Structure formats: C-alpha cells, structure tokens
Amino acid sequence: MIRVRYAPSPTGYLHAGGARTCLFNWLFARRHNGRFILRIEDTDRTRYQERSLADLLEGLRWLGLDWDEGPEVGGPYGPYFQSQRLPLYQEYAQKLVEAGHAYKCYCSQERLQQLRAEAGRRNQPTGYDRHCRELSAKERAQKEAEGIVPVIRLKVPLEGETSFHDLIRGTISMQNSQMDDFILLKSDGYPTYHLANVVDDHLMEISHIMRADEWIPSTPRHVLMYRAFGWTPPLYAHLPVILSPTGKGKMSKRKTIGSDGREYPVLIREFRAAGYLPEALFNFLALVGWSYDDKTEILTREQIIQHFDLEHVSKSPAKFSYDKLDWMNGVYIRQLDPDDLARRLKPFLDKAKFEADLHTIRRMVPLIQERMVKLTDALALVDFFFAEELCYDPQLLIQKGMDVEQTRQVLAESEQVLRALPVFEEADIEAALRAKAESMGLKARQFFGTLRIATTGKEVAPPLFGTLAILGRDKVLKRIARARELLMAAA
RNA sequence: GCCCCGAUCGUCUAGUGGCCUAGGACACAGCCCUUUCAAGGCUGCGACGGGGAUUCGAAUUCCCCUCGGGGCACCA
C-alpha cells in the first residue's frame, strides 16, 4: 500500500512551494491508489501561528487536494498533530538513549552559540563538539543535580559514510564525519523535526517521502536514525525547489517584487485573490518540476493523475514563470462555461462594489471572457458600465482624420438611429450603425471609435455593439448627449 | 569555510548513445483577421556552459573546471 504525506509546519501561510510539494504527493497517491496523509508538524512553539492552519486547509481544499487522513478527517494512525504525540517522541528518544545510540547533553545554549561563533570565525564546520557524548554516570548525575534539563542527541558514528537511494537522483552519500550529533529531543520536551519526522513516518507506515530538495542534507541523519531504531527507511524522492522570479535564491514566503516593480503573489491566498483559477494553478504547479511529454501543456486533473510519475520529475530547480501561469490562466478562463465564469466573477465584482446581478454579469461575459487573464481583470473591463458619469478627454472623441463637425455628426446621427431602433439588441444596433457609418462615408474605426469613447470613455473597450445593448438605450443616449456637450464645450 | 545537489533557447521543458539540421510551450518580433483591445492563424528570433576521456558515433556515459541552488539551529 502506497502511503505518502505532506507534513507542513504551521508557521505561516500556504505558499506555492508547499502547495507544489503537496500536489506531487497527492498526485502520487492518487495515481497509485494509495493514501494521502496530511500531518501537521507543530513542534516549534516559538514560531507557531494560529491562523496558518486554517489557511493551509482552506488553500488545499481550494486547489482540490483532499487528504485521506489528517486534520478534520482523522484516521487510524492519529493523532495527526505532532503536538499531540509528545509522549511518543519522548518514549522513542529514551529508547535510543538506553540502546546507546543517543545521549543526554547538558550544554547551555550560550555555550553552543559561542561554539558556533568561534567555529564560524575560524571557517570551521559549525557542528556540535560532542562535549557531552562520553559523560560518565557521575558527571550526568551532577548536572541533573544542578537542575539542568538536558536535550537528547543522536550518537552519530564518527567514521564511515551513510547513503540512501533517491528515486529521482540515484544514490546520495555523505561522510558521517560531516554530521554532528544533532538534537532529537529539545529541553522543552518537544522533538526536533528530525525525530518527530522519523518516528511518525515509521509509525504511520509512510512508504514514500517526497519533499523539497533542501532536505537532502538531512536525509542521511534520518537514515542513521532508522538504523538506530532498527527500522527500514521509506523510499525517498527529493523534488527540485522553486526559484524566485527575481532570479535570486529559492522562492520565499515574503513579498516578492520583480526588477520591473511587479509584485508577485507567492501565497496561495494571494493567487486566489488575484483571480487565478484553482484548476489553472493546479495544472501549472504540476508542471513546475514535472512534465508530461514534449508538447502537451494543458492537462486536466484526471490526465495529470493518470500520467504522473517520478521518472519525469526534473532534478534541477525551476524558476516560477508568472508569464506562463498568466497565459495558462487565460486559457482556462476562455475554456470556462460562461455561466460558470459569471458565478466566479460575482464575488470580485461585489467586492469592487459593482452591483450587478448574476444575469447581468452573464450578459457581460461574452464581451470580456477572452480578454481576461485573471478574474480581477474583469473589473477594469466592465467598470464603465457602472459609472454614473464618464470621465475622459473630449479630444479623444475626434478620431484620426476627422474634425469636430464630423464628430458632432457621428454623435447626432448615432443618437437618432439608436433612438429610432424598434428593439435595442446587438444585431440590430450593429446593422443600423454600420449602415450609418457607410452612408456618412466614414471608416468603421472612425465612426465606432467616436462612439466607443462617448459610451465607454475608453479607447480600449469590449466590443461595441454588445456593450451598447447591455448598457441599454437610455444610458447610451444619455452618454451620447453628454459627449456632444463635452465636444462643443471643448471646441 | 565545509558538505550536498544540479546544469538544453531569455523562461519552463522534451531528450534515457545513432530517429537531433536538438522538438514543444511562454515571452518577444512581424504578418493575417479585425470597430479598439483581446482571442485565433501563420512566420521569425533563439539553447546543449568550458575542457578532456570512452565510443564507429555523445545533448545523452565518466572525470576536471566553471557557474547556479541548497544545507550546516534546543526551525521545519
């Protein structure tokens, strides 16, 4: 049975890198009919943030990444919060001490800090100097008597090397001499990541560990722990990290501002608020670090599940391409059923105080659907529908090759034609206006250009005839009249 | 400083010794379509980091260099 997990620590909001790691685990589980487990690694009390758990669960659900075991759904291997498993870690750490694979360390944090500073100054490795490794029973008793609460450290072999097989990278080894005696159990009784991770993965019968590249250096330590416990380690697959769009370093949770001043979303909640579709982000994220073939980019969730494999996971880190995500989001928006798009647009319009019912939004959709990259783009596309009064430079009314008088005529004639129309519908509006433009001997771009400015206040706007129909005859006539006033006043 | 991982167009990638004159996508440029803007269609620009070795043959295997990334906490 394949069992994989995503094990975030609730120290901040869910970001693209975490979501990608989660996605790969999820895909692997779904592909192989395995189980996907969500485990919360909340063993750092100083960095814990209450709101991050809710954000995490919400973000995963938004992306459609459901978990078979974990918070809110439970499961046979619980609890799924490490803070609720403390006695377990203490018990296992103790076992290691008793077996001689670990020992208690009484060094103060001040001493350790000094050690690091000193080593750093001399450009030496910064690890622990194993001061307490060979303490006698008497020495230990003395420290205990002084009331010092020890940490527990793993007794790393001094010689030899530790290696493991990575499903993506092959064999990776590290000299044991490169590892220090790292801490398993902190003095507050909480386990470090290393201990909790190994104990839980074993107890929860995790078969494959898929996590970011940055964990490679600590994997040999984990292997050493499995060995000390007498357990078989799971299979490892280290995923390439996602690089920041700024080009320096990996993608962080902090605000990322490109050299062009553009602000890049990194948190899932930010992508959502910016108007990205979950299915587009899902597709895009699946493709950062994994590829299907040499030509297919747009894949449904089902196709991705069906084809996902570790074979095609890349080894090298990838920059997060926002240009490509934008393109892909546009593709997904265009593919959306118009009713569906209208529903998704509603909250964004509501938030902008554009009061439109679903029916009206639905009428606008055909005009804007292929002009949006993100849902938020709709706002700038339709704002003129909701404006009380348009604000624009009257000179814009006068199109290239036209004069004030001709412009006045276009407005006057349009007004007349539109007023006379028996029904105010797109096809009729178009027919009448085209005929009028032709009879006046004006080019379409001239005639409609003037009208566009008059009715939308913009040089760039959605297709005119559909726009007029939605605006409605009253509003259109009012705006044309207003344009004539502005034109005359400016002339 | 030490250790680990990586390296194909500007970016994301395909490539698993001959199908490679290196394929696709994004971005960019041009043209077409067109009431503006989009969308769409067509075309173009554009890469195997360097040096050795193995081989009849190397983008693909090995070594060195270079460059990039990551790790070295009582964080995860």
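The sequence lines fix the lettering, A, B, ..., with proteins before strands; numbering per chain opens at 1. Please read all numbers here as calculations on a predicted model, not as lab measurements.
- The base of B/rG69 has none of its N or O atoms less than 3.5 Å from a complementary donor or acceptor on the side chain of A/Glu214.
- Electrostatic pairing of A/Lys143 and A/Glu146 does not count as a salt bridge here, judged by no charged N lying under 4.0 Å from a carboxylate O.
- Nucleic acid contact class of A/Gln175 (heavy atoms, under 4.0 Å, all strands): none.
- When each of B/rA76, B/rA25, B/rG70 is scored by its nearest atom to the side-chain atoms of A/Glu41, the top-ranked nucleotide is B/rA76.
- Exactly one of A/Ile183, A/Leu184, A/Val97 qualifies for a side-chain contact (heavy atoms from CB on, under 4.5 Å) with A/Leu154. That residue is A/Leu184.
- Atoms CE (A/Met328) and P (B/rA27) sit 11 Å apart, rounded to a whole Å.
- A/Gln178 comes within 4.0 angstrom of the backbone, heavy atoms only, and of no base.
- Rounded to whole Å, the distance from CZ on A/Arg116 to P on B/rC75 is 10 Å.
- Heavy atoms of A/Thr192 sit under 4.0 angstrom from primed sugar atoms or phosphate atoms, though from no base atom.
- B/rG17 and B/rG24 are spaced 23 Å apart, taking the P atom of each and rounding to whole Å.
- For A/His312 and B/rG15, the shortest distance from a side-chain N or O to OP1 or OP2 is below 4.0 Å.
- Separating the NZ atom of A/Lys315 from the P atom of B/rC5 is a distance of 11 Å, rounded to the nearest angstrom.
- Ionic pairing of A/Asp180 and A/Arg221 is present here: one or more N-O contacts between side-chain nitrogen and carboxylate oxygen are shorter than 4.0 angstrom.
- A salt bridge between A/Arg122 and A/Glu118 is present, with a side-chain N of the basic residue lying under 4.0 Å from a carboxylate O of the acidic one.
- No contact: A/Lys443 has no heavy atom under 4.0 Å from any strand.
- Among the atoms of the strands shown, base atoms are found under 4.0 Å from some heavy atom of A/Val151.
- Rounded to whole Å, atom C1' of B/rC5 lies 15 Å from atom NE2 of A/His165.
- Between the C1' atom of B/rU13 and the CD1 atom of A/Ile298 lies a distance of 14 Å, rounded to the nearest Å.
- A salt bridge links A/Lys458 to A/Asp383: at least one charged side-chain nitrogen sits closer than 4.0 Å to a carboxylate oxygen.
- With a cut-off of 3.5 Å on both pairing distances, the Watson-Crick or G-U wobble partner of B/rC56 is B/rG18.
- Atom name C1', nucleotides B/rU61 and B/rU55: the rounded distance is 10 Å, in whole Å.
- For a distance-only test at 3.5 Å, the side chain of A/Lys319 fails to qualify as a donor-acceptor partner of the base of B/rC12.
- Within 4.0 Å of A/Gly189, counting heavy atoms only, lies no atom of the nucleic acid at all.
- At B/rC74, none of the side-chain N or O atoms of A/Ser187 fall inside 4.0 Å of OP1 or OP2 (strictly under the cut-off).
- Residue A/Ile368 is classed as having no contact, given no heavy-atom separation below 4.0 Å to the nucleic acid.
- Per the geometry, CG belonging to A/Asp213 stands 8 Å off P belonging to B/rG6, to the nearest Å.
- With respect to A/Arg371 and A/Asp377, no salt bridge is recorded, no charged nitrogen being found less than 4.0 Å from a carboxylate O.
- A/Arg51 and A/Asp55 are not joined by a salt bridge, as no carboxylate oxygen comes within less than 4.0 angstrom of a charged side-chain nitrogen.
- The pairing partner recorded for B/rG46 is none, the criterion being a Watson-Crick or G-U wobble arrangement whose two distances lie under 3.5 angstrom.
- Contact annotation: A/Thr126 side-chain N/O to B/rA73 OP1/OP2 distance is under 4.0 Å.
- The 5' end of RNA chain B is approached more closely, in terms of each residue's nearest nucleotide, by A/Leu287 than by the other of A/Leu287 and A/Lys295.
- Nucleotide B/rC67 forms a pair with B/rG6, judged by Watson-Crick or G-U wobble geometry with both contacts under 3.5 Å.
- Base contact: A/Gln109 has a heavy atom under 4.0 Å from a base atom.
- Heavy atoms of A/Thr46 sit nowhere under 4.0 angstrom from any nucleic acid atom.
- Look at A/Thr296 and you won't find any side-chain N or O under 4.0 angstrom from OP1 or OP2 of B/rG24.
- Here B/rU36 sits opposite no nucleotide as a Watson-Crick or G-U wobble pair (both hydrogen-bonding atom distances under 3.5 Å).
- B/rA47 and B/rA25 are spaced 15 Å apart, taking the C1' atom of each and rounding to whole Å.
- Distance noted for atom P between B/rU16 and B/rC62: 15 Å (whole Å).
- Remark: A/Lys324 is not in phosphate contact with B/rU13, judged by side-chain N or O atoms under 4.0 Å from OP1 or OP2.
- Looking at A/Arg344 and A/Glu279, a side-chain N of the basic residue comes within less than 4.0 Å of a carboxylate O on the acidic one, giving a salt bridge.
- Scored by the side chain to side chain contact (heavy atoms under 4.5 Å, CB included) test, A/His238 finds A/Phe164, A/Asp166, A/Arg169, A/Arg211, A/Trp215, A/Ile216, A/Thr219, A/Tyr236 as partners (sequence neighbours excluded).
- Counting non-hydrogen atoms under 4.0 angstrom, A/Arg169 reaches the backbone sugars and phosphates but no base.
- Aromatic ring pairs are classed by plane angle as parallel below 30°, tilted from 30° to 60° and perpendicular above 60°; the pair A/Phe271 and A/Tyr322 is parallel.
- With B/rG70, B/rG69, B/rA76 as the candidates, the nucleotide lying closest to the side chain of A/Pro217 is B/rG70.
- The salt bridge (charged side-chain N to carboxylate O under 4.0 Å, His left out) analysis of residues 187-202 of chain A, with sequence neighbours excluded, yields the pairs A/Arg5-A/Asp201, A/Arg39-A/Asp200, A/Arg39-A/Asp201, A/Arg45-A/Asp188, A/Arg85-A/Asp200.
- Nucleotide B/rC31 is matched to B/rG41 when pairs are restricted to Watson-Crick or G-U wobble geometry with both distances under 3.5 angstrom.
- A/Ser173 comes within 4.0 angstrom of sugar-phosphate atoms only, judged by non-hydrogen atoms across all strands, and of no base.
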*Could you write nucleotides 35-47 of chain B as a row of B, S and -, 5' to 3', where a protein heavy atom under 4.0 Å of any base atom gives B, of only sugar-phosphate atoms gives S, and otherwise -?*
BBBBSS-------
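- Along RNA chain B, the nucleotide nearest to A/Asp293 and the one nearest to A/Arg122 differ in position, and the one closer to the 5' end is contacted by A/Arg122.
- Atom CD1 in A/Ile168 sits roughly 12 Å away from atom P in B/rA7 (whole-Å rounding).
- To the nearest angstrom, C1' of B/rC26 lies 13 Å from CG of A/Asn283.
- Among the atoms of the strands shown, base atoms are found under 4.0 Å from some heavy atom of A/Lys186.
- When heavy atoms are screened at a 4.0 angstrom cut-off, A/Pro191 is found touching the sugar-phosphate backbone but no base atom.
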